Amino acid sequence: MLLSMAKNQQTRPGIGELAKDNAKGRVGVVMAMIGGRVQIRPVGGGREWDAMPDDVATLSAREELSVRLTVRAGRDWVKR
């Protein structure tokens, strides 16, 4: 019983990890948790935004790979 419950629980991303804000449909890096809110910065840099903890989720392995490849491709393109 506990094993099946553990599979259903969603872990929240920690500081420095990629996360998605389901309310805004955006992905970024968790920077802090202040005043009951999660502060997230866009992956490429920029201004942080506040999200409610219940709206923030860990990316799936596929989503995380997609974000990392997009960032890397953008950096490689800028170097050329």
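This chain uses plain numbering: 1 for the first residue, then up along the sequence. Quantities reported herein were computed from a predicted structural model and do not represent experimental measurements. The figures here come from the full heavy-atom set of this structure, side chains too, leaving out hydrogens, waters and symmetry mates.
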Can I get a per-line list of side-chain donor-acceptor pairs under 3.5 Å for residues 30-42, giving both atom names and the distance, sequence neighbours left out?
unit_1	atom_1	unit_2	atom_2	d
Arg41	NE	Gly46	O	3.4
Arg41	NH2	Glu48	OE2	2.8

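Side chains of Leu18 and Arg68 form a contact here, defined as non-hydrogen atoms less than 4.5 Å apart. Between Lys24 and Asp21, the closest side-chain pair of non-hydrogen atoms falls below 4.5 Å.
For Glu17, the side-chain contact (heavy atoms from CB on, under 4.5 Å) criterion is met by Pro13, not counting sequence neighbours.
Clustering ILVMFWY residues whenever any of their side-chain heavy atoms sit less than 4.5 angstrom apart, transitively, puts Val56 in the very cluster that holds Ile15. Under the 4.5 Å side-chain heavy-atom criterion for grouping Ile, Leu, Val, Met, Phe, Trp and Tyr, Met52 is not connected to Trp49 through any hydrophobic cluster.
Between Ser66 and Glu63, the side chains place no donor N or O within less than 3.5 Å of an acceptor N or O (distance only, hydrogens not considered).
A salt bridge between Asp55 and Arg26 is absent, with no side-chain N of the basic residue lying under 4.0 Å from a carboxylate O of the acidic one.
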